[in-house]
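By convention in this document, chain letters (A, B, ...) are assigned in the order of the sequence lines, proteins followed by strands, and residues within each chain are numbered from 1.
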Number of protein chains: 2
Amino acid sequence: MSTVEERRLARVALTWLSEPGTWSVWRLVERLGPVAALDLLVTGEAPDDRLRAAVAARMASGDPRAVAAEALDRAERLGARVVTPEDEEWPVRVGDLRLLALSGAQRRVDQETAPPLVFWVRGQWPLAEILDRSVSVVGARAATGYGTHVATGLGYGLAEREWTVVSGGAFGIDAAAHRGALNAGGVTVAVLACGVDRPYPMGNTALFDRIAETGLLVSEWPPGAEPLRPRFLIRNRVIAAATAGSVLVEASARSGATQTLHRALAVRRPAMVVPGPVTSAMSVGAHELLREFPAARLVTGVPQVLEEVGRIGADLAPAVRGPERPHDHLDDEAAAVLEVVPRRRLAGPDALAARAGVEVRVVLRKLSLLEQLGLVVRRDGGYALAPPAKLAARGRHET
Amino acid sequence: MSTVEERRLARVALTWLSEPGTWSVWRLVERLGPVAALDLLVTGEAPDDRLRAAVAARMASGDPRAVAAEALDRAERLGARVVTPEDEEWPVRVGDLRLLALSGAQRRVDQETAPPLVFWVRGQWPLAEILDRSVSVVGARAATGYGTHVATGLGYGLAEREWTVVSGGAFGIDAAAHRGALNAGGVTVAVLACGVDRPYPMGNTALFDRIAETGLLVSEWPPGAEPLRPRFLIRNRVIAAATAGSVLVEASARSGATQTLHRALAVRRPAMVVPGPVTSAMSVGAHELLREFPAARLVTGVPQVLEEVGRIGADLAPAVRGPERPHDHLDDEAAAVLEVVPRRRLAGPDALAARAGVEVRVVLRKLSLLEQLGLVVRRDGGYALAPPAKLAARGRHET
């Protein structure tokens, strides 16, 4: 029987031998446990040719267990830790990735979407606890001022309501969401596509330091790992699955952020999209998502996001309403009478009755009501509209 | 047996006795014909108390047939005509209003949505022909620069593709849509809530003159009729039903334009909504519609509008795509190799194989392909990425 430490080492080694998300490796671990799975791969008995070739190529540059031990040492020196499914702080929600099947997946990154084997974590909070009440906010790196404004507001508002804001640490929308949460004194998590010791991009180094101090930096790759391009998409499945829902703020027509939303939809998480001007190239991807996926939900702010991810009965968004006006509650006849009362001259009840198509005795009753409401004034037996100051703005021609 | 002219006069008189859209009047006309229906109302035998009271009140100010004859004379003098269901140019599509039932209708304007009895028309085109290929573009009067820009573009683009642009002649979005169509040398129709001789608002008089010259001014109310407030909503059912679909560009939380979309949905017409910045009060109504009605369709431009209203097989919107890049078509192994080729130094096939997790002989084959595509360069047996000028913008870290 293997020890916890042997199993932990084996998981780290397995993630080095093959990129995270590889189904054949994950299935081996499920079936045999990590130690036996690693032994099988190391002895060249991988279940398929492709994996066997990948393992052989990787092993040419080192012994998996030695590399893993070195990574664990390096992590310990910089104050990072490894979290595995055996740990209490493992975020069980990522297990839903076992259900993920992207329709029409052609690329390897869309096919190899198995649950993670390990997480590397930098920061003080227990990973599961911090992710329990979390929403991801993702979007374009080349964000516009509009997108940055909206993402900062979402990050701030979610953090203020004690939701963890998860994103990818990139320039643009990601950074704005992280900053919004930090500005609210809240908790934010950056899920990286490289080692937690060298978060990418370098230009966000000060931001990453603040996140590590008050939130968490998380990665499936060991310290020192480079942010190779396919890793961003591999990483995105974690952002989608580890949170209670994902919000897209701006995305061009081809954007990794839309891929995060595809993954959220595939694991049945609320997938939310903030619309933008149709004249902005940075909202094209957002609008395409809303058009293509009926399950993707248009949201315009924090209350609507919380309505999607919130517990039933709590966090419900108030309906959007215009300001109330005195004549909103008039019955049809009173409204009809009010319509025909002139503004600048006086009209008698008979004339008003003929114009409104309402009987004179009813007109008299309604005029009395309208006078009480301050909507009409009576002078010398005639009626006129009350001066505009007494009425709500925009008067009678509002449709 | 009544003559065509008697029936026409009766329809005009009926519309004066009770506002257009009144179900009880429309049903009487369906059952008895317009002449007998008018006789019945004039003799005080209206089928319900409310209608009887309305007719009596209106008749106190004139004889219905005399008023109608006067309206017809006035129309003839100013070059307008009456169109009834007996005329060839009657737009039969408005008959679908017989199916209209707005859910939760409390207000009279939401309940009384019967098909029109007559149209008053100013302009040269046959009404039915001009409305056959038509789309309505409606929205806020207090439009923003964004909304005005989008509505003008839609009006222009639809007219350019020989679609008639229908709107309500109001300030803001309506006027922008009309102007866009006129600028394209196309045909546009203003459906008014008042007489076609005094189109409201006055500030759009020059616009109405241009519309009357090249398109049509249309109304259910006779010349001289005032734009009373409920009439805008009564009119909106015509805009929704007479066109092949309706597009909303900007609407505040409570807006008549959203009511037009409700009516389009109720008569099963394509109901389309242009999103906007969530920071704009003028897009709140648009976003609420998209959230509330799954059948409302988000559109971002003319091709998507035509896709909704166009004949099947024609007018299909092209899918939105980003620019193509050379590495879009790489297989997974070539992409994996490309990822690990360094930019500023040289790496040999063995090192690349170990880093990419791909066998050396495969690496050599893929490097040869990448070299042919101009993505990598070979020097002294080592490989580096081709200089950025040869690559598409933004390089390797794009997600």
| field | Audit row: A/Arg50, A/Glu112, salt bridge (Lys or Arg N to Asp or Glu O under 4.0 Å) steps and yes/no | value | CA-CA 13 Å; A/Arg50 176 175 213 160; A/Glu112 301 289 3; 5.8 Å; no
| query | Any ion pair linking B/Asp110 and B/Arg237 (charged N to carboxylate O, less than 4.0 Å)? | reply | no
| query | What part of B/Val299 gets closer than 4.5 Å to chain A, counting heavy atoms only: side chain, backbone, both or neither? | reply | both
| Looking at B/Gly147, B/Gly276, B/Gly62, B/Ala351, which makes the most heavy-atom pairs under 4.5 Å with chain A? | B/Gly276
| task | Could you look at B/Pro277 and say if it's the side chain, the backbone, both or neither that has a heavy atom under 4.5 Å from chain A? | result | both
| Out of A/Glu333, A/Arg297, A/Arg107, which one racks up the most heavy-atom pairs below 4.5 Å with chain B? | A/Arg297
| query | Rounded to the nearest 0.5 Å, how far does CG of A/Asn204 lie from CG of A/Asp174? | reply | 9.0 Å
| query | Where do B/His149 and B/Tyr146 land on the side chain to side chain contact (heavy atoms under 4.5 Å, CB included) test, with the steps shown first? | reply | CA-CA 5 Å; B/His149 172 79; B/Tyr146 164 69; 5.6 Å; no
| message | Please classify the contact of B/Ala53 with chain A as side chain, backbone, both or neither, using a heavy-atom distance under 4.5 Å. | response | both
| Check: A/Thr144 main-chain N/O paired with A/Glu250 side-chain donor or acceptor under 3.5 Å | yes
Run the side-chain donor-acceptor check on residues 14-21 of chain A: report pairs under 3.5 Å with partners two or more places apart or on a different chain.
residue : atom : partner  : partner atom : Å
A/Thr15 : OG1  : A/Arg11  : O            : 3.0
A/Ser18 : OG   : A/Thr22  : OG1          : 2.7
A/Glu19 : OE1  : A/Trp221 : NE1          : 3.3
A/Glu19 : OE1  : A/Arg231 : NE           : 3.0
A/Glu19 : OE2  : A/Arg231 : NE           : 3.4
A/Glu19 : OE2  : A/Arg231 : NH2          : 2.8

| note | The interface call for A/Thr279 against chain B, heavy-atom contacts under 4.5 Å, is both
| request: Quick one: which of A/Val358, A/Asp332, A/Val274 has the most heavy-atom pairs under 4.5 Å with chain B, could you say? | output: A/Asp332
| said: Does A/Leu248 form a side chain to side chain contact (heavy atoms under 4.5 Å, CB included) with A/Val138? I'd like the steps, not just the answer. | reply: CA-CA 5 Å; A/Leu248 177 87; A/Val138 297; 4.2 Å; yes
| remark: Whatever's closer than 4.5 Å to a heavy atom in chain B on A/Ala193 counts as neither
| field | Interchain contact, B/Ala356 with chain A, by part (heavy-atom threshold 4.5 Å) | value | backbone
